[in-house]
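The block underneath contains the structure these notes are about, expressed in structure tokens.
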There are 2 protein chains.
Amino acid sequence: MAPRPDSSGPAETTRSNLIAAGFELFGTAGYAATSTRRLAERAGTNVASIAYHFGGKAGLHAACAQAAAERIADAVGAPRDPGAIGADAAVAALEKALRGLAALLLNGEQAASMVGFLVREMNASEEIVQILFDRFVGPKHRELCALWAAATGRPAESEEVRLSVFSMIGQVLYFRLGQPVVLRGMGWDAVGPDEAGRIAEHLVAQLRASIDRSRI
Amino acid sequence: MAPRPDSSGPAETTRSNLIAAGFELFGTAGYAATSTRRLAERAGTNVASIAYHFGGKAGLHAACAQAAAERIADAVGAPRDPGAIGADAAVAALEKALRGLAALLLNGEQAASMVGFLVREMNASEEIVQILFDRFVGPKHRELCALWAAATGRPAESEEVRLSVFSMIGQVLYFRLGQPVVLRGMGWDAVGPDEAGRIAEHLVAQLRASIDRSRI
DNA sequence: TGCCATAAATCAAACGATTGATTAATTCCT
DNA sequence: AGGAATTAATCAATCGTTTGATTTATGGCA
């Protein structure tokens with residue numbers, strides 16, 4: 001059934017084309033609304049290739065989830081133990097991470113379809129949540145909690161710190177997910193680099209306020 | 001095509017049953033993944049009733065969007081012009097609105113499917129965004145901006161104030177949308193009234209910090 | 001290298017199943 | 001009786017998948 005588990009073949013382009021098509025179509029229209037024929041058409045190949053390379057539509061979907069998690073994990077960067085770090089340096093590191101996340105989510109059309117893909121399936125598939133969490137959400141969250149702890153002096157495992165990190169992420173994620181509503185509310189036509197930068201600066205200011213408040 | 005535009009008939013129960021089924025199935029599985037036969041089965045009626053009462057599957061979907069917007073608008077409460085209000089009273093009003101939003105979104109299983117329904121279609125249908133925004137997001141956002149302006153002394157139309165209100169809403173919305181991930185990160189089994197309360201208290205603290213910071 | 005046998009990959013075509021919609025007949029209620 | 005409402009049955013269209021044949025790439029032998 002499965003073709004060849006390893007890589008490096010002329011069929012690799014077909015596989016990556018199908019995954020790219022999966023990002024776009026699954027991410028924008030959803031799993032059920034995306035037909036295998038449109039996937040194949042978008043990928044410039046035949047319908048049977050989906051079953052041949054991925055075992056079926058579900059297999060392609062799972063491969064898309066893996067690939068999306070991989071790319072975002074790359075963009076977010078490997079979580080590293082901050083170790084002993086000064087409060088000011090921790091704040092700077094948090095600001096840098098926040099700016100990076102905002103740039104990743106708000107700029108770039110490709111990120112939009114990937115994020116849409118992940119969030120759309122997050123509430124539908126427990127497996128996707130597992131992949132997401134194990135791959136980068138969990139480790140990155142722990143790293144940010146350690147930074148937050150170093151910045152405020154509170155224990156990294158405390159509920160307060162973990163909630164603070166989640167709501168920091170939630171803010172920037174909302175500007176991606178709720179973008180259609182945000183555009184109307186702000187009177188913007190689109191979120192370009194300009195608007196993304198202003199959002200990022202605002203979120204950084206919020207971050208500073210939150211840290212100052214919980215500092216001990 | 002349309003049966004009777006008005007209400008109050010023996011068929012009204014069929015209509016409301018179909019809309020309730022639409023909330024659950026559209027909200028959890030999405031539009032395309034929900035078949036008319038399952039909708040009818042869940043509603044305890046025949047497939048042809050969908051076409052008879054709503055003109056078709058798309059009509060039922062639109063009716064669900066209208067009903068969802070209506071119920072959430074009721075729960076959020078009619079936006080009222082705060083008028084001349086003291087800073088402290090404005091802060092209190094903001095806190096109350098935030099607590100109400102958190103309770104609405106985080107408690108209750110019914111709210112989950114409605115919010116899921118709305119967010120799912122937000123990026124797919126411009127019409128849904130229009131309904132959402134006109135019905136309560138827009139007016140409520142303006143009201144919250146007025147409160148924020150009264151609390152901080154900044155102009156209500158400024159970009160800073162509008163962004164602040166959006167990120168306040170984004171925080172609480174993320175705890176609903178990203179709930180599967182949040183549960184793992186917090187080590188919780190579910191978001192019950194207890195957890196919802198602790199999230200709300202945290203968000204209120206964040207709100208106070210944000211207001212204190214931008215106060216002039 | 002040159003040739004062929006084998007495997008890998010792609011293709012058009014068709015399968016059964018399910019989709020949303022429609023029809024005609026039936027039941028319900030006033 | 002008579003319109004409103006519901007039902008079972010059926011429609012064409014599309015779904016994901018499979019099939020067998022064909023094309024393309026790979027590896028061994030001279």
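Each chain gets a letter, A, B and so on, in the order the sequences are listed, and its residues count up from 1.
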Can I get a per-line list of side-chain donor-acceptor pairs under 3.5 Å for residues 54-64 of chain A, giving both atom names and the distance, sequence neighbours left out?
{"unit_1": "Lys57(A)", "atom_1": "NZ", "unit_2": "Tyr31(A)", "atom_2": "O", "d": "3.0"}
{"unit_1": "Lys57(A)", "atom_1": "NZ", "unit_2": "Thr34(A)", "atom_2": "O", "d": "2.8"}

Q. What parts of residues 17-24 of chain B reach DNA chain C, counting only heavy atoms under 4.0 Å away?
A. none

**Q.** Residue pairs passing the salt bridge (Lys or Arg N to Asp or Glu O under 4.0 Å) test where at least one lies in residues 160-171 of chain B, sequence neighbours excluded
**A.** Arg154(B)-Glu160(B)

Q) According to the salt bridge (Lys or Arg N to Asp or Glu O under 4.0 Å) rule, which pairs have a member within residues 193-207 of chain A, sequence neighbours left out? A) Arg99(A)-Glu201(A), Asp194(A)-Arg198(A), Arg198(A)-Glu159(B)

**Q.** Pairing residues for Thr45(B) by the side chain to side chain donor-acceptor pair (under 3.5 Å) criterion, not counting sequence neighbours
**A.** Ser49(B)

Q. Sequence neighbours excluded, which residues qualify as salt bridge (Lys or Arg N to Asp or Glu O under 4.0 Å) partners of Glu41(A)?
A. none

**Q.** Contacts of Glu70(A) that satisfy salt bridge (Lys or Arg N to Asp or Glu O under 4.0 Å) - sequence neighbours left out
**A.** Arg135(A)

Q. What residues in residues 29-42 of chain A put a non-hydrogen atom under 4.0 Å from any atom of DNA chain D?
A. Thr34(A), Ser35(A), Thr36(A), Arg37(A)

Whole angstrom is fine here: how far is it from [atom1] in [X] over to [atom2] in [N]?
X        : N       : atom1 : atom2 : result
Ile50(A) : dT17(D) : CD1   : P     : 8 Å
Asn46(B) : dT22(C) : CG    : P     : 14 Å
Lys57(A) : dT18(D) : NZ    : P     : 14 Å
Tyr52(A) : dT19(D) : OH    : C1'   : 15 Å

Q: Assign Val47(B) to base, sugar-phosphate, or nothing according to its heavy-atom contacts below 4.0 angstrom with the strands shown.
A: nothing

**Q.** Pairs involving residues 176-206 of chain B, ordered by first then second residue, that meet ring pair (Phe, Tyr, Trp, His ring centres under 6.0 Å) (sequence neighbours left out)
**A.** none

Q) Relative to the ring of Phe166(A), is the ring of Phe175(B) parallel (under 30°), tilted (30 to 60°) or perpendicular (over 60°)? A) perpendicular

